[in-house]
Amino acid sequence: MYQRKIPKEYYCTVDYGLDIFGGKWKPRILCILGHVNSMRYGELKAQMENISDAALADSLHELQQAGIINRRQYNEMPIRVEYSLTAEGKSLIPVLNTISNWAIKHSDAGIYTGKHFEKVHRAKFEN
């Protein structure tokens with residue numbers, strides 16, 4: 001994984017927040033984990049649908065390093081690993097819900113696809 005040589009500079013508090021939980025994959029990971037107690041890697045990858053193993057592993061590692069998610073490894077064969085939100089990660093759920101509610105108000109259901117959308121968000125467009 002890429003390591004910065006110089007410290008990152010933030011010019012706005014939103015810059016910092018989006019650095020931690022923004023990007024292409026992290027918001028979706030948080031949204032999915034926010035609707036379950038914990039989830040195994042394979043289950044999470046299936047819900048993500050179009051993410052590579054490398055991108056998922058990197059995103060999970062970055063979220064873990066930031067204290068947003070827990071990684072719990074069980075001493076079993078085969079090895080079982082589960083991911084869940086930390087207390088800090090759970091504190092992001094209201095933020096993500098606010099963004100989601102804004103998107104529901106200002107977009108059309110026709111632009112969305114995927115298992116997670118169908119399972120969690122589709123019904124909100126039908127109200």
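This is a predicted model, so every value here is computed, not measured. In what follows, every heavy atom counts, from backbone to side chain, and hydrogens, waters and symmetry copies are set aside.
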Checklist entry - Between I79 and Y74, is a side chain to side chain contact (heavy atoms under 4.5 Å, CB included) present by the stated rule, with each step listed? => result CA-CA 6 Å; I79 293 173; Y74 295 86; over 6 Å; no
Item to check | Contact summary for I51 and A55, nearest pair of heavy atoms | outcome: CG1-CB, 3.7 Å
Checklist entry - What's the verdict on side chain to side chain contact (heavy atoms under 4.5 Å, CB included) for R40 and V81, showing C-alpha distance, side-chain angles and the deciding distance? => result CA-CA 6 Å; R40 293 178 73 170; V81 176; over 6 Å; no
Checklist entry - Any donor-acceptor pair under 3.5 Å linking the side chain of E82 with the backbone of Q73? => result no
Checklist entry - Out of curiosity, L44 CG to H116 NE2, how far, rounded to the nearest 0.5 Å? => result 10.5 Å
Checklist outcome for this item: Looking only at heavy atoms, the pair that brings H121 and C31 closest together is NE2-SG, 3.5 Å
Item to check | Atom pair CD1 (I99) and CD1 (I104), whose distance is rounded to the nearest 0.5 Å | outcome: 12.0 Å
Checklist entry - If every non-hydrogen atom of K45 is compared with every non-hydrogen atom of D53, which pair is closest and at what distance? => result CE-OD1, 2.8 Å
Next on the checklist: Between L56 and I29, is there a side-chain heavy-atom distance shorter than 4.5 Å?
Outcome noted: yes
Checklist entry - Quick one: are M39 and V36 in side-chain contact, heavy atoms under 4.5 Å? => result yes
Item to check | Flag side-chain contact, heavy atom, 4.5 Å: D15 against D19 | outcome: no
Checklist entry - Is the side chain of S100 donor-acceptor paired with the backbone N or O of N97 at a distance under 3.5 Å, no angle test? => result no
Checklist outcome for this item: Tightest non-hydrogen contact, residues L60 and I69, listed as O-CD1, 3.4 Å
Checklist entry - Are W102 and L96 joined in one hydrophobic group, where the rule is that I, L, V, M, F, W and Y side chains link up if heavy atoms are under 4.5 Å apart? => result no
Checklist entry - More than 12 non-hydrogen atoms from neighbouring residues, nucleotides or ligands closer than 6.0 Å to OH on Y11, yes or no? => result no
Next on the checklist: Taking salt bridge (Lys or Arg N to Asp or Glu O under 4.0 Å) as the definition, give me every residue that meets it alongside E118, ordered by chain and number, with sequence neighbours left out.
Outcome noted: R122
Checklist entry - Angle class for the Y112/F125 ring planes (parallel below 30°, perpendicular above 60°, tilted otherwise)? => result tilted
Next on the checklist: Please give me the minimum heavy-atom distance between G23 and P27, naming the atom from each residue.
Outcome noted: O-CD, 3.4 Å
Checklist entry - Does a side chain donor of either Y83 or N70 reach within less than 3.5 Å of an acceptor in the other side chain? => result no
Checklist entry - Is it true that atom OH of Y16 has more than 12 heavy atoms of other residues, nucleotides or ligands lying nearer than 6.0 Å? => result no
Item to check | Selection residues 24-37 - residue pairs positive for side chain to side chain donor-acceptor pair (under 3.5 Å), sequence neighbours left out | outcome: K26-E62, R28-N50
Next on the checklist: When you compare the side chains of Y41 and E43, does any donor N or O come within less than 3.5 Å of an acceptor on the partner?
Outcome noted: no
Item to check | pair M48-I32: side-chain heavy atoms closer than 4.5 Å | outcome: yes
Checklist entry - Are any non-hydrogen side-chain atoms of L85 and I93 less than 4.5 angstrom apart? => result yes
Checklist entry - Any donor and acceptor pair, going by atom type alone, linking the side chain of T86 with main-chain N or O of I68 inside 3.5 Å? => result yes
Next on the checklist: In this structure, would I20 and L92 fall into the same cluster of hydrophobic residues linked by side-chain contacts under 4.5 Å?
Outcome noted: yes
Checklist entry - Sequence neighbours excluded, which residues qualify as salt bridge (Lys or Arg N to Asp or Glu O under 4.0 Å) partners of E76? => result R80
